[in-house]
Amino acid sequence: MRILVVGGGGREHALVWKLAQSPTVTDIIAAPGNAGIAELARCLPVAADDVEGLVRLASEESCDLTVIGPEIPLTMGIANRFADEGLAVFGPSKSAARLEGSKWFAKKLMLRAGIPTARAWATTSRDEALSHVRELGAPVVIKADGLAAGKGVMIAASEDEALAAIDAVLTEGRFGAAGSRVLVEEYLEGEEASILAFTDGRRIASLVPSQDHKRARDGDRGPNTGGMGAYAPAPVVDKRMLADIECDVLTAAVRTLAEEYGTEYRGVLYAGLMITDDGPKVLEFNCRFGDPETQVVLPLLDGDLAELMMSVATGELDPSSFRVTDESAACVVMASGGYPGAYEKGKPISGLAVAGVMEGVVVFHAGTAGSNGATVTAGGRVLGITGIGPTLPDALDRAYAGVTAISFDGAHYRTDIAHRALEKAGNTKAGGRDDV
Ligand code: AMP
Ligand code: GLY
């Protein structure tokens with residue numbers, strides 16, 4: 001099989017890494033890829049949102065399957081364009097991708113399907129939004145309806161903060177078209193978890209539950225980021241809860257999309273959940289793999305990813321065609337100094353070769369580029385160092401051993417990845433490590 005992978009972050013490096021292990025894969029092309037992906041695939045400079053350019057590339061290169069990493073091309077309808085051309089694609093259609101593209105669409109579907117989620121209202125009126133804020137009381141969550149690069153969710157601690165957030169969305173237009181409508185949502189308390197599942201629109205096969213770390217600094221402090229690390233399995237979701245989530249959330253969403261909206265969802269469906277005292281409730285759906293969750297869930301997948309993705313694309317998913325291993329994985333993101341704010345690029349990275357041969361360590365590149373034979377930083381999240389081992393502490397030791405071998409000017413990372421799982425297990429390193 002010749003495969004095209006669209007995107008160029010840590011998630012796409014993990015996808016390419018796993019696809020490269022498949023005996024049926026002969027060739028991988030990435031568009032645009034990054035310096036790490038370039039070691040496993042031919043990288044071509046076509047942007048991830050250049051839908052027509054990607055359709056042309058897949059036909060010219062006779063690709064058997066194209067895997068879409070990021071959400072933007074999916075919400076633009078790239079899967080429909082591939083289908084029009086008779087090209088196989090892994091990723092949902094434009095109408096199915098509305099689950100991520102419009103938070104209000106997702107909320108309405110959840111209400112119709114009886115999927116547990118926070119109460120919410122959507123409006124284009126500032127006054128109406130404010131009256132819902134008063135009704136719910138603070139803390140309250142204000143969300144821009146559309147895609148806002150992960151920045152469209154604001155947790156307001158007071159009514160004044162809520163009003164400022166509503167103005168940012170509706171009046172100041174800070175989120176562009178994504179902010180033509182605002183959601184006022186009930187604040188949920190609990191622990192978060194990410195469930196990623198393959199689905200061909202009828203059957204569901206979930207990967208191991210994982211947990212992301214969105215805040216920049218240890219102790220879940222500092223600004224929100226795209227994700228500073230992840231681990232799997234996340235013990236907050238046990239086997240029984242996972243079975244319930246598969247049935248009450250994932251199957252319910254896919255079935256409702258098919259029956260009520262006439263749309264078959266094919267690809268990976270990501271449910272971002274809050275595990276509350278009343279059970280799991282959906283915070284958001286994503287129509288793609290998570291980043292950095294992918295860097296921990298794919299190493300625990302025992303099966304042929306290329307065949308699995310092809311079976312999803314052709315509507316023939318067999319959930320028994322893969323299993324998840326009983327190992328653990330942890331990923332520590334090394335970010336540029338200043339991220340998620342302004343940062344400099346072009347810093348040389350050292351130690352990649354040393355970390356790359358450590359047992360149970362995989363170095364996934366995110367924002368990197370090649371420059372005169374060296375690898376330099378080229379983005380906010382630079383690398384994701386994944387450790388894999390028989391237990392979570394082993395996986396973490398390996399990930400952090402990899403991190404300490406690598407350096408670049410200004411690098412920062414969290415030292416407390418998986419602290420919630422470690423706290424549950426009574427582990428003394430839960431508050432952060434002093435060996436890194
Ligand atoms: P989302 O993009 O919808 O996942 O929101 C980003 C982050 O905001 C989530 O990972 C949560 O940490 C937080 N969040 C979103 N919705 C809520 C909610 N209803 N209650 C509490 N936290 C929330
Ligand atoms: N890690 C969060 C996301 O991929 O949306």
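A quick note: this is a predicted structure, and the numbers were derived from the prediction, not measured.
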How many angstroms lie between atom CG of Leu269 and atom CD1 of Ile204, to the nearest 0.5 angstrom? 6.5 Å

Looking at Glu52 and Arg56, is any side-chain nitrogen of the basic one under 4.0 Å from a carboxylate oxygen of the acidic one? no

With sequence neighbours excluded, residues passing side-chain hydrogen bond (donor to acceptor under 3.5 Å, both in side chains) with Glu316: Thr314

Tell me, do Leu300 and Leu207 make a side-chain contact under 4.5 Å, heavy atoms counted? no

For the pair Arg398 (side chain) and Ile388 (backbone), establish whether a donor and an acceptor sit closer than 3.5 Å, ignoring hydrogens and angles. yes

How long is the span from the CG atom in Asp27 to the CG atom in Leu4, to the nearest 0.5 Å? 11.0 Å

Output all residues satisfying salt bridge (Lys or Arg N to Asp or Glu O under 4.0 Å) with Glu344, sequence neighbours left out; order by chain, then residue number. Lys347

CG-CE distance between Leu305 and Met310, expressed to the nearest 0.5 angstrom: 12.0 Å

Of Arg288, Glu293, Glu100, the residue whose pairing with Tyr270 passes side-chain hydrogen bond (donor to acceptor under 3.5 Å, both in side chains): Glu293

Minimum-distance pair of heavy atoms, taken over all atoms of Asp435 and Lys429: OD2-NZ, 4.1 Å

Would you say the ring centers of Tyr261 and Phe105 fall short of 6.0 Å from each other? yes

Would you say Arg381's side chain and Gly227's backbone share a donor-acceptor pair under 3.5 angstrom? yes

Does atom NZ of Lys108 have more than 12 heavy-atom neighbours from other groups under 6.0 Å away? yes

Candidate pair Gln295 and Trp17, rule side-chain contact (heavy atoms from CB on, under 4.5 Å), full reasoning: CA-CA 10 Å; Gln295 292 88 310; Trp17 171 81; over 6 Å; no

Would you indicate whether the side-chain heavy atoms of Met309 and Val67 approach each other to under 4.5 Å? yes

In terms of ring plane angle, is the pair Phe289 and Phe198 parallel, tilted or perpendicular, where the classes change at 30° and 60°? perpendicular

side-chain hydrogen bond (donor to acceptor under 3.5 Å, both in side chains) involving His419 - partner list, sequence neighbours excluded: Asp220, Glu423

Of all heavy-atom pairs linking Phe90 and Gly267, the shortest is CZ-C, 3.5 Å

Could you walk me through whether Glu191 and Lys424 pass the salt bridge (charged side-chain N to carboxylate O under 4.0 Å, His left out) test, one step at a time? CA-CA 12 Å; Glu191 193 175 328; Lys424 283 192 197 16; 2.7 Å; yes

Any non-hydrogen side-chain atom of Leu396 less than 4.5 Å from a side-chain atom of Leu422? yes

Is there a donor-acceptor pair under 3.5 Å between the side chain of Gln211 and the backbone N or O of Glu192? yes

Test salt bridge (Lys or Arg N to Asp or Glu O under 4.0 Å) applied to Glu259 - qualifying residues, sequence neighbours left out: none

Can a donor-acceptor pair be found, under 3.5 Å and without considering hydrogens, that links the side chain of Arg81 to the backbone of Val51? no

Please give me the minimum heavy-atom distance between Lys103 and Lys143, naming the atom from each residue. CD-CD, 3.7 Å

What distance separates Arg215 CZ from Asn224 CG, expressed to the nearest 0.5 Å? 5.5 Å

Among residues at least two apart in sequence or on other chains, which ones pass side-chain hydrogen bond (donor to acceptor under 3.5 Å, both in side chains) with Asp145? Ser102, Arg181

Partner residues of Arg42 under the side-chain hydrogen bond (donor to acceptor under 3.5 Å, both in side chains) criterion, sequence neighbours left out: Glu61

Identify, with sequence neighbours excluded, every residue that meets salt bridge (Lys or Arg N to Asp or Glu O under 4.0 Å) alongside Glu284. none

Find the distance between CG (Asn286) and CG (Asp291) and round it off to the nearest 0.5 Å. 11.0 Å

Does any part of the side chain of Tyr231, heavy atoms only, come nearer than 4.5 Å to the side chain of His213, both counted from C-beta? yes

According to salt bridge (Lys or Arg N to Asp or Glu O under 4.0 Å), does anything in residues 4-23 pair up with another residue at least two apart or in another chain? List the pairs. none

As a quick check of understanding, evaluate side-chain contact (heavy atoms from CB on, under 4.5 Å) for Leu87 and Thr66, giving each step before the final call. CA-CA 8 Å; Leu87 295 163; Thr66 298; 5.9 Å; no

Kindly write out the residues that satisfy side-chain contact (heavy atoms from CB on, under 4.5 Å) with Ala401, not counting sequence neighbours, or none if the list is empty. Met358

Flag, side chain of Arg202 to backbone of Gly315, donor-acceptor distance under 3.5 Å: yes

Residue set satisfying salt bridge (Lys or Arg N to Asp or Glu O under 4.0 Å) with Arg174, at least two apart, ordered chain then number -> Glu172

Strictly distance-based, threshold 3.5 Å: is any side-chain N or O of Thr377 a donor or acceptor partner for the main-chain N or O of Thr368? no

With side-chain contact (heavy atoms from CB on, under 4.5 Å) as the criterion, how do Phe82 and Val55 come out once you've worked through the C-alpha distance, each side chain's angles and the decisive distance to 0.1 Å? CA-CA 6 Å; Phe82 271 69; Val55 168; 3.7 Å; yes

With a 4.5 Å heavy-atom cut-off, do Cys287 and Leu99 have their side chains touching? no

Within a strict 4.5 Å, meaning less than it, do heavy atoms of the Thr117 and Lys107 side chains meet? yes

I need the Thr199 OG1 to Leu257 CG distance, nearest 0.5 Å. 9.5 Å

By side-chain contact (heavy atoms from CB on, under 4.5 Å), Glu39 pairs with (sequence neighbours left out) none

Without placing hydrogens or testing angles, list every side-chain donor-acceptor pair under 3.5 Å for residues 325-332, not counting sequence neighbours.
from   : atom 1 : to     : atom 2 : distance (Å)
Thr325 : OG1    : Glu327 : N      : 3.3
Ser328 : OG     : Leu392 : N      : 3.4

Can you find a heavy atom in the side chain of Arg2 that is under 4.5 Å from one in the side chain of Ile29? yes

Please determine whether side-chain hydrogen bond (donor to acceptor under 3.5 Å, both in side chains) holds for the pair Asp212 and Ser194, giving the CA-CA distance in whole Å, both sets of side-chain angles, and the decisive distance to 0.1 Å. CA-CA 7 Å; Asp212 184 11; Ser194 306; 5.8 Å; no

Atom CD1 of residue position Ile72 - does it have more than 12 heavy atoms of other residues, nucleotides or ligands inside 6.0 Å? no

Quick one: which of Ile417, Asp416, Asp397 gives a side chain to side chain contact (heavy atoms under 4.5 Å, CB included) with Arg433? Asp397

One pair to check against side-chain contact (heavy atoms from CB on, under 4.5 Å): Ser93 and Thr263. What are the steps and the verdict? CA-CA 8 Å; Ser93 66; Thr263 292; 3.9 Å; yes

Would you call Leu352 and His365 a side-chain contact if the rule is heavy atoms closer than 4.5 Å? yes

Main chain of Asp394, side chain of Thr391: is a donor-acceptor contact present, judged purely on distance under 3.5 Å? yes

Got a donor-acceptor contact below 3.5 angstrom from the Tyr265 side chain to the Val254 backbone? no

